[in-house]
Amino acid sequence: MSQVQITFPDGSARPFPSGVTGMQVAESISPRLAKEAIAVKVNGVVRDLNLPVTNDASIELLTFDAPQGKEVFWHSSSHIMAQAVQELFPGVKLAIGPPIEEGWYYDFEVPEPFSPEDLERIEKKMAEIVAEDAPFRCEVKKRADSISYYKGKGATYKVELLEGIEDDTVTFYYDSRFEDLCRGPHIPRTGIVKAFKLTSTSGAYWRGDETKARLQRIYGISFPKASMLDEYLKRLEEAKKRDHRLLGKQLELYHISEEVGPGLVLWLPRGARVRNEIENFWREEHLKFGYDLVYSPHIANLDLWHRSGHTGFYAENMYSPMDVDERKYQIKPMNCPFHIQMYRSRLWSYRDLPLRWAELGTVYRYERAGVLHGLMRVRGFTQDDAHHFVTPEGMEEELVWLIRFCVHILKSFGFTDYAVYLSTRPKDAIGNPEDWERAEAGLRRAMEIVGLKYQVDEGGGAFYGPKIDIGIKDALGRPWQCSTIQFDFNLPERFDLSFAASDGQHKRPLMIHRALLGSIERFFGVLVEHYAGNFPLWLAPVQVRLLPITDAVNAFASAVTEKLKAGGIRAELDARSEKIGAKIRDAELMKVPYMFVVGGREAEKDAVSVRRHGVGDLGVKSVDEAMKLLQDEIAGKGLSKNEK
């Protein structure tokens with residue numbers, strides 16, 4: 001019998017009979033792994049566990065703990081749910097059911113929206129399908145035959161999907177009595193899904209297009225252990241309490257008005273104070289660490305966007321051009337072409353590089369109404385954008401510097417746990433393969449020097465260059481994509497950028513796009529949820545509230561308020577004729593970090609009674625002592641330049 005050499009992630013290798021499956025490999029390692037294995041990655045491609053391996057290959061057995069293992073698990077769960085819906089609601093039309101960041105959804109065309117009672121029935125039916133422990137199996141069919149088959153069933157959405165596929169063959173997956181057009185892969189059996197919950201329903205347009213049919217979407221989550229579901233539901237309950245949309249209203253941070261337009265944020269005074277602190281800190285640190293700040297306009301001649309290529313590959317996210325002086329102008333979706341024009345304003349020498357140009361640039365992108373979500377997905381936002389122009393020789397040193405600066409900024413806002421991905425060369429990549437290899441190697445070495453653990457997304461880079469993405473994990477362990485360091489081999493070519501090298505020749509600089517916070521709006525929303533609205537003192541919109549016990553001490557409390565303001569502290573006075581208990585309760589609800597309670601005895605001693613939000617009484621302190629307490633805590637934010 002012929003054999004194949006199987007290489008494992010740790011570099012070890014073993015011979016196996018040709019045709020060995022991922023499940024058989026798992027069984028040869030341990031019964032526990034065979035029980036927990038969900039899928040197998042063969043030479044970087046995720047596949048079903050039961051598919052044979054007939055050539056030497058590198059493999060990785062995926063469990064639910066692996067991100068790609070979760071995707072397979074949740075995608076399979078969506079099939080189980082779709083089967084339950086199909087059996088309970090005869091005549092339902094199936095659309096699509098992909099895995100998402102946490103769980104899955106499936107879209108259906110049904111006469112009426114799903115009710116809470118419907119979800120309960122669907123969950124019961126899913127439990128029956130899981131109990132069958134039916135195997136998932138794959139069949140390859142001709143695309144033309146599949147189109148005819150689905151047309152005969154009136155499955156219009158599946159027909160449209162098939163018509164958009166170029167391959168002559170397609171795959172169908174079967175489990176129990178259910179079939180679905182699907183690329184896969186899937187878990188071995190339905191019984192692996194031990195715990196699940198249908199979490200919500202919503203309306204959704206087919207393919208996100210408001211001009212197409214409105215479908216009903218069901219969201220769900222599933223796990224291989226019941227304890228995992230219990231933990232998730234507790235976390236979900238906590239996440240609801242932290243929802244930035246609810247806290248944004250409660251704490252009077254921002255407002256979105258339909259009269260202004262969906263996805264356009266109105267910053268209220270309290271939210272604007274927090275934003276101002278974020279931006280001031282951002283500017284101070286950029287200047288301290290060697291950036292130059294630049295500014296660019298909100299619109300530009302449409303020809304600029306033609307040359308940059310945005311009107312070609314990014315048109316669907318851009319608004320319609322406007323007429324100005326009989327010429328077309330485009331509101332900007334990105335800042336890059338402006339920074340490039342700044343670079344082209346003169347000839348640079350290798351001695352001038354690297355150039356580090358940063359901008360808080362407001363951009364406008366069209367997002368479909370169905371995907372707008374509070375501050376997390378908007379149509380107008382301020383990007384903390386920067387571009388580095390470097391020599392090829394200085395690339396690695398610049399990347400190390402840049403990653404360290406990125407980590408410094410994120411730590412300063414309280415984020416220390418990251419999910420980091422390196423996205424490598426895709427099939428449609430442009431540019432010299434050697435440039436790609438050098439850039440990818442530079443990103444790898446820089447992350448290793450800094451000590452960042454990362455995963456590789458093979459082929460996941462943009463067509464114009466490799467990148468690293470740094471997702472910050474919040475207090476609930478949820479990853480949020482914020483920081484990106486992206487090479488660009490496209491724009492320097494399109495705009496013919498050059499610098500004078502040491503040998504006198506004109507050479508092409510390397511260009512690196514960089515965002516640290518991503519956008520101010522989205523990062524602000526993440527901060528709200530991370531801190532549950534309890535901002536650290538330096539960011540809090542109101543840092544201390546003065547609470548006079550009686551009207552007789554209002555004048556003293558007012559004088560203390562003004563003194564605190566003069567000392568750089570955001571203080572406000574609650575001079576309402578309310579009981580002190582009500583004033584304290586209101587300050588707690590607004591999550592004001594400190595409360596200074598003032599009565600007759602405090603006024604006589606030039607003192608205040610200090611309370612901390614969520615903690616309680618900290619005792620009586622002189623006004624100067626209390627002010628220094630706040631000033632010291634505020635000054636403790638961030639890291640010094642020497643700690644970078």
Side-chain angles (χ1 to χ4, degrees), residues 67 100-102 239 242-244 248 254 265 271 274-275 277-283 285-286 289 291 333-336 356 358-363 365 367 371 373-378 380-388 399 401-423 443 446-447 450 452-455 457 460-462 466-487 512-532 535-536 539 637-639 644:
I100 54 178
E101 191 170 295
E102 283 198 320
R242 293 169 177 259
D243 190 321
H244 74 282
Y254 73 96
V265 181
V274 182
R275 173 174 176 159
E277 286 300 314
I278 293 171
E279 292 186 353
N280 284 344
F281 177 73
W282 185 94
R283 291 187 186 95
E285 295 302 290
H286 277 70
F289 283 79
Y291 277 94
M334 294 184 181
N335 302 300
C336 333
R356 301 164 182 160
E359 175 180 12
L360 289 170
T362 301
V363 298
R365 300 178 186 174
E367 298 282 1
V371 302
H373 179 78
L375 296 175
M376 303 303 191
R377 200 77 177 263
V378 294
F381 58 92
T382 299
Q383 198 169 31
D384 75 316
D385 214 352
H387 293 92
H388 292 229
L399 287 173
W401 182 95
L402 178 51
I403 293 172
R404 282 180 172 157
F405 179 71
C406 178
V407 171
H408 158 61
I409 293 293
L410 297 178
K411 281 184 177 179
S412 299
F413 286 100
F415 298 105
T416 57
D417 193 9
Y418 315 115
V420 185
Y421 291 88
L422 167 64
S423 298
L443 289 169
M447 287 189 286
V450 175
L452 277 186
K453 295 181 179 178
Y454 65 92
Q455 299 182 57
D457 179 11
K467 65 173 179 173
I468 61 172
D469 291 315
I470 302 177
I472 54 177
K473 292 186 179 179
D474 67 11
L476 299 183
R478 297 173 299 178
W480 300 92
Q481 176 51 47
C482 286
S483 306
T484 298
I485 297 171
Q486 168 81 64
F487 273 89
I512 303 170
H513 302 265
R514 184 239 67 186
L516 298 185
L517 309 182
S519 80
I520 298 297
E521 285 74 8
R522 189 168 184 272
F523 187 73
F524 185 94
V526 173
L527 278 176
V528 171
E529 299 202 2
H530 176 60
Y531 288 112
F535 293 107
L539 281 175
K637 72 175 186 296
L639 301 171
K644 69 185 176 79

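Excluded from the calculations below are hydrogen atoms, water molecules and symmetry mates; all remaining heavy atoms, backbone and side chain alike, are included.
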**OP:** Verify side-chain contact (heavy atoms from CB on, under 4.5 Å) between Tyr531 and Asp474, making sure each step is shown before the conclusion.
**Re:** CA-CA 8 Å; Tyr531 288 112; Asp474 67 11; over 6 Å; no
Taking [X] for the side chain and [Y] for the main chain, is one N or O donor matched with an acceptor at less than 3.5 Å?
X      : Y      : result
Asp384 : Gly518 : yes
Gln455 : Val420 : no
Gln481 : Ser483 : yes

Can you tell me how far the [atom1] atom of [X] sits from the [atom2] atom of [Y], to the nearest 0.5 Å?
X      : Y      : atom1 : atom2 : value
Met447 : Ile403 : CE    : CD1   : 6.0 Å
Tyr421 : Asp457 : OH    : CG    : 8.5 Å
Arg514 : Leu402 : CZ    : CG    : 6.5 Å
Leu443 : Lys467 : CG    : NZ    : 11.5 Å
Ile409 : Phe289 : CD1   : CZ    : 7.0 Å
Thr362 : Glu359 : OG1   : CD    : 8.5 Å

Original post:
What residue among Glu102, Glu101, Glu529 forms salt bridge (Lys or Arg N to Asp or Glu O under 4.0 Å) with Arg478?
Top reply: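 That would be Glu529; it is the only one of Glu102, Glu101, Glu529 passing the salt bridge (Lys or Arg N to Asp or Glu O under 4.0 Å) with Arg478.
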State, to 0.1 Å, how close [X] and [Y] come at their nearest heavy-atom pair, and which atoms those are.
X      : Y      : answer
His387 : Asn335 : CE1-C, 4.4 Å
Cys336 : His513 : SG-CE1, 3.5 Å
Ala358 : His286 : CB-CD2, 3.6 Å
Leu375 : His244 : N-NE2, 2.9 Å
Leu399 : Ala446 : CB-CB, 3.7 Å

I want to check something: taking the side chain as every heavy atom from C-beta on, are [X] and [Y] in contact at a cut-off of under 4.5 Å?
X      : Y      : answer
Leu516 : Phe523 : no
Arg365 : Val378 : no
Ile485 : His388 : no
Val274 : Val528 : no

Subject >> Worked verdict on Leu527 versus Phe415 for side-chain contact (heavy atoms from CB on, under 4.5 Å) >> reply: CA-CA 10 Å; Leu527 278 176; Phe415 298 105; 3.8 Å; yes
**OP:** Quick one: do Trp401 and Tyr291 satisfy ring pair (Phe, Tyr, Trp, His ring centres under 6.0 Å)? Show the steps, please.
**Re:** CA-CA 12 Å; Trp401 182 95; Tyr291 277 94; 5.5 Å; yes
Subject >> Derivation and outcome, ring pair (Phe, Tyr, Trp, His ring centres under 6.0 Å), residues His530 and Phe413 >> reply: CA-CA 10 Å; His530 176 60; Phe413 286 100; over 10 Å; no
Subject >> side-chain contact (heavy atoms from CB on, under 4.5 Å) evaluation trace for Ile468 with Tyr454 >> reply: CA-CA 9 Å; Ile468 61 172; Tyr454 65 92; over 6 Å; no
**OP:** Assess whether side-chain contact (heavy atoms from CB on, under 4.5 Å) is satisfied between Ser423 and Gln486, documenting all intermediate values.
**Re:** CA-CA 9 Å; Ser423 298; Gln486 168 81 64; over 6 Å; no
